[in-house]
Amino acid sequence: MIKKFAFIVAVFAAVALKGMAQEPFAVKPAPFKKYVQLEKGVQLHQKPSAQSARLAWDDSEESSLLTWRKGKLRSGELPVDAQVLPVWQEQGEWYKAQYYEKTVFVMKKYCADVQLRPLKDLGDYQVVRVIPLGKYVDGMFVFEYTAECNASHQGSNYMDAEGVVCFNKELADEDGDPSADKIINDAKTIAFLMSNVDNMPHHPLYVFGIKGDDHVYSSYVEE
């Protein structure tokens with residue numbers, strides 16, 4: 001999933017966390033070497049070169065995607081304004097880092113090392129029609145699987161041929177989206193989710209906080 005909303009961790013995450021005793025999959029700690037805070041407006045590059053393409057949001061009506069752009073941004077595109085990035089490794093004057101599902105390069109001179117702080121909850125992050133499943137590991141939330149979902153179905157919960165979870169409409173909120181509170185308190189629905197993880201996309205999502213900052217950050221790794 002590439003849409004912007006898919007990158008934002010949900011209150012729905014609590015659905016999985018309530019049922020961890022039933023969870024049939026293992027969760028690995030975050031693989032990153034360090035975490036850095038960027039100066040405002042620093043550009044993220046496709047390669048360790050200032051002449052390489054820059055990362056931008058394509059925010060046009062037809063799309064809401066991250067895209068690489070060399071030269072001037074096009075109509076509907078916005079520069080990426082990253083704040084905190086997890087780092088894979090150092091390459092000379094550059095860090096190889098992660099921004100949502102994109103591997104990026106950022107110059108070290110625009111970055112400062114930061115320390116993680118243990119998260120107690122997911123803050124006020126919200127999402128539409130996505131349920132991430134995972135555990136609390138080393139002070140952060142690690143979501144191994146992500147389920148797209150809707151709540152317009154009448155009848156038993158099921159997963160369609162495209163892997164979308166269809167909940168009974170009684171589990172919907174007033175907007176027609178799956179209700180975290182209702183799902184958390186429905187043992188059959190929790191068991192259903194846990195029994196279907198093998199059919200869900202495996203795109204590890206790491207959600208963390210840093211010391212001196214109340215925000216919650218996330219990085220999404222495609223495999």
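The shown structure was predicted, so the numbers you read here are calculated from the model rather than taken from an experiment. These numbers come from the heavy atoms of this one structure, side chains and all, not from hydrogens, waters or symmetry mates.
- Classification of E90 and K108 as a salt-bridged pair holds, one side-chain N sitting under 4.0 Å from a carboxylate O.
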Would you please test F143 and Y206 for ring-ring contact (aromatic ring centres under 6.0 Å, His included) and show each step?
-> CA-CA 6 Å; F143 298 104; Y206 304 94; 9.5 Å; no

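- One finds the OG atom of S219 at 14.0 Å from the NZ atom of K102 (value rounded to the nearest 0.5 Å).
- Two residues are said to be in side-chain contact when any heavy atoms from C-beta on lie closer than 4.5 Å; M200 and D198 fail this criterion.
- Between Y35 and A30, the shortest heavy-atom distance links the atoms OH-CB, 3.7 Å.
- Looking only at side-chain heavy atoms (C-beta outward), Y220 and P204 stay at 4.5 Å or farther from each other.
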Residue pair R54, K70: steps toward the side-chain contact (heavy atoms from CB on, under 4.5 Å) verdict = CA-CA 6 Å; R54 298 160 295 149; K70 197 165 187 177; over 6 Å; no

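- No more than 12 heavy atoms of other residues, nucleotides or ligands sit less than 6.0 Å from atom CD of E170.
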Working for side-chain hydrogen bond (donor to acceptor under 3.5 Å, both in side chains), residues E77 and W57 | CA-CA 5 Å; E77 293 181 346; W57 280 112; over 6 Å; no

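- Between the side chain of N168 and the backbone N or O of G155 there is at least one donor-acceptor pair closer than 3.5 Å.
- Note that OH of Y145 and CG of N199 are 10.0 Å apart. Values are rounded to the nearest 0.5 Å.
- Contact of the L44 side chain with the L85 side chain is registered, since non-hydrogen atoms from C-beta on lie closer than 4.5 Å.
- For the pair P86 and F208, the tightest heavy-atom approach, listed with the atom from each and the gap, is CD-CZ, 4.1 Å.
- A heavy-atom distance below 4.5 Å is not found between the side chains of H203 and E101.
- In plain terms, the two heavy atoms of Y136 and P118 that are nearest each other are OH-CB, 3.9 Å.
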Under the side-chain contact (heavy atoms from CB on, under 4.5 Å) criterion, do F192 and V165 qualify, and how do the steps go?
-> CA-CA 10 Å; F192 170 80; V165 176; 3.6 Å; yes

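- Within the 4.5 Å cutoff, no side-chain heavy atoms of V36 are placed close to those of V114.
- The closest donor-acceptor contact from the side chain of R117 to the backbone of D213 lies under 3.5 Å.
- For the atom pair OH of Y99 and CG of L38, the computed distance is 10.0 Å after rounding to the nearest 0.5 Å.
- A donor-acceptor pair is defined here as one N or O able to donate and one able to accept, closer than 3.5 Å; no such pair exists between the side chain of D186 and the backbone of K182.
- Considering only heavy atoms from C-beta on, Q43 stays 4.5 Å or farther from V80 through its side chain.
- Cluster annotation: Y217 and V137 are assigned to the same hydrophobic cluster (Ile/Leu/Val/Met/Phe/Trp/Tyr, side-chain heavy-atom contacts under 4.5 Å, transitive).
- In this structure a side-chain-to-backbone donor-acceptor pair under 3.5 Å is present from Q98 to Y100.
- For an aromatic pair to be called close, the ring centres must be under 6.0 Å apart, and F105 with H45 fails this.
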Could you give me the CA-CA distance, side-chain angles and deciding distance for M140 and V142, then say whether side-chain contact (heavy atoms from CB on, under 4.5 Å) is met?
-> CA-CA 6 Å; M140 69 171 64; V142 180; 4.0 Å; yes

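- In this structure, the side chain of S52 engages the main chain of K47 through a donor-acceptor pair within 3.5 Å.
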Check step by step if side-chain hydrogen bond (donor to acceptor under 3.5 Å, both in side chains) holds for Y95 and K34.
-> CA-CA 10 Å; Y95 284 130; K34 64 192 304 184; 3.1 Å; yes

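- Separation of atoms OG (S49) and CE (M107) is listed at 9.5 Å; rounding is to 0.5 Å.
- Side-chain contact check for Q83 and H215: no donor-acceptor pair (N or O, by modelled atom type) lies under 3.5 Å.
- Side-chain atoms of T189 and N157 form a donor-acceptor pair, as typed in the model, at a separation below 3.5 Å.
- For the pair L66/L55, a side-chain contact is recorded, criterion being any heavy-atom separation below 4.5 Å from C-beta on.
- Shown here for L73 and R69, the closest heavy-atom pair between the two residues is CD2-CG, 4.0 Å.
- Here the OG atom belonging to S75 is positioned 9.5 Å from the CG atom belonging to D58, to the nearest 0.5 angstrom.
- More than 12 heavy-atom neighbours from other residues, nucleotides or ligands sit within 6.0 angstrom of CZ on F32.
- A 4.5 Å side-chain heavy-atom check between K40 and D81 finds at least one atom pair inside the cut-off.
- Counting heavy atoms of neighbouring residues, nucleotides and ligands inside a 6.0 Å radius, atom CG of D113 exceeds 12 of them.
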Worked verdict on V164 versus M159 for side-chain contact (heavy atoms from CB on, under 4.5 Å) = CA-CA 5 Å; V164 177; M159 179 177 285; over 6 Å; no

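- Between K96 and T103 the shortest heavy-atom distance is CE-CG2, 3.5 Å.
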